[in-house]
Amino acid sequence: MNTPSAQPQLLEQTQNGPVERPDVSVVIPLYNEEESIPELYRSLTEVLEALGRPYEIIVVDDGSTDGSYPLLRRLAAEDRRLKVVRLRRNFGQTAAFAAGFDRARGDVIVTMDADLQNDPRDIPKLLAKIDEGFDIVSGWRVNRKDRFLDRKLPSMIANRLISNVTDVRLHDYGCSLKAYRADVIREVRLYGELHRFIPALASQVGGAVAEVPVNHHPRRYGRSKYGLSRTVRVILDLITVWFLGTYSTRPLHVFGTLGLGAAGVGVLLGVYLALVKFIGHQDIGTRPLLLLAVLLIVVGIQLITMGLLGEMIIRTYHESQGKPIYIVREVLNGDE
Ligand code: UDP
Ligand code: MG
């Protein structure tokens, strides 16, 4: 895993000449943050140069409509360690992260926001933790500088929920400032707005996660790109992550259990009603209980069928992508 950074390999020719293979890739999704760019670039470069390791900065312009792109283009013309990936339209932060990860060549990938809320000076701290052997190091905004009602409160609730549902215990899932070992992040498939779940997803593929306290600053320029509606989406995403993590290779266990439970209760109620009718000689045609019994049986059968469909989909998923149901860390004396 550890590349001998003492002997940098010449890998790639760019318009600006050959570039050393980077050791650290910093991936930054950016959407309409023109005012922040000059300072972001300056402070980040300062920190990264002080590291003494070859690096690259990958800014993913997520369809900015302000002056961000021309500005980035100017900076990139001067500095070949700055890569700019421009998406065709605004695809959202998660997609922007994925676009950056796909192009990152470093062994370690650091992510952060473009709006100067994260502090590049925390990067060495994260990298030190990675060097200790962790696969993912997540920033914890101990002193978060955001509004309480629509930011900190929802995220407190979300953090609690996520930490209870996933088995990764962090204080702050939403912090973008994180560092990853590149091979771990490559195992993680990102969809929707799942970037805050990367630690949870990565731990599902077997990565070791650590958390370090980091600085946080108020947003100085521009506006936040999110509102309160994000909370609902986070909760729905949490259900997805829980399901994929726990049951993705056995969907019938979730749906089937619910289905058998519902149908079982329905059948018991039906038997009881049959006894009432045939032994007690009472009319049951108008009883709400009859309706409930029928409903439970129908719903139960549907849930079981859904589970079976899920099983088929899961098989297609794994087999069509040649995706095994396990992930190998390393093989000794193998041919791999
Ligand atoms: N961002 C992005 N695409 C989007 C929304 C946001 O690339 O559709 C970037 C944004 O430019 C910033 C980061 O994601 O660098 C975090 O966004 P923001 O600061 O608005 O979120 P907050 O800090 O308020 O949670
Ligand atoms: Mg922000």
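Bear in mind that the values here come from a model prediction, so they are computed numbers and not experimental data.
Residues Ile314 and Tyr191 do not share a hydrophobic cluster, defined by chaining ILVMFWY side chains whose heavy atoms lie under 4.5 Å apart. In the hydrophobic clustering of ILVMFWY residues, with side-chain heavy atoms under 4.5 Å counting as a link, Trp140 and Ile157 come out apart. Leu308 and Leu303 fall into different hydrophobic clusters, defined by Ile, Leu, Val, Met, Phe, Trp and Tyr side-chain heavy atoms under 4.5 Å apart, directly or through other members. Residue Ile304 is not grouped with residue Ile297 when hydrophobic side chains (ILVMFWY) are merged at heavy-atom distances under 4.5 angstrom, including chains of intermediate members. If you chain together hydrophobic residues whose side chains sit under 4.5 Å apart, Val165 and Val234 fall into the same group.
A cation-pi arrangement is absent between Arg186 and Phe101 under the rule of less than 6.0 angstrom and at most 45 degrees off the ring axis.
With hydrogens and angles left out, the side-chain atoms of Ser25 and Glu56 include a donor and acceptor closer than 3.5 Å. Arg81 and Thr45 form no side-chain donor-acceptor contact under 3.5 Å, judged by distance and modelled atom types alone. Between the side chains of Asp79 and Tyr41, a donor-acceptor pair is found at a separation under 3.5 Å. Between Asp172 and Ser138, the side chains place no donor N or O within less than 3.5 Å of an acceptor N or O (distance only, hydrogens not considered).
When all heavy atoms of Asp167 and Ser203 are compared, the pair lying nearest together is OD2-OG, 4.0 Å.
Counting heavy atoms of neighbouring residues, nucleotides and ligands inside a 6.0 Å radius, atom CZ of Arg147 does not exceed 12 of them.
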List the steps, then state whether salt bridge (Lys or Arg N to Asp or Glu O under 4.0 Å) holds for Arg151 with Asp146.
CA-CA 6 Å; Arg151 264 297 122 79; Asp146 273 321; 5.1 Å; no

Residue pair Arg73, Glu78: steps toward the salt bridge (Lys or Arg N to Asp or Glu O under 4.0 Å) verdict
CA-CA 9 Å; Arg73 194 171 45 197; Glu78 308 265 289; over 6 Å; no

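Between His195 and Phe97, the ring center distance clears the sub-6.0 Å criterion.
Using a distance-only test at 3.5 Å, with no hydrogens or angles considered, no donor-acceptor pair links the side chain of Asp283 to the main chain of Gly285.
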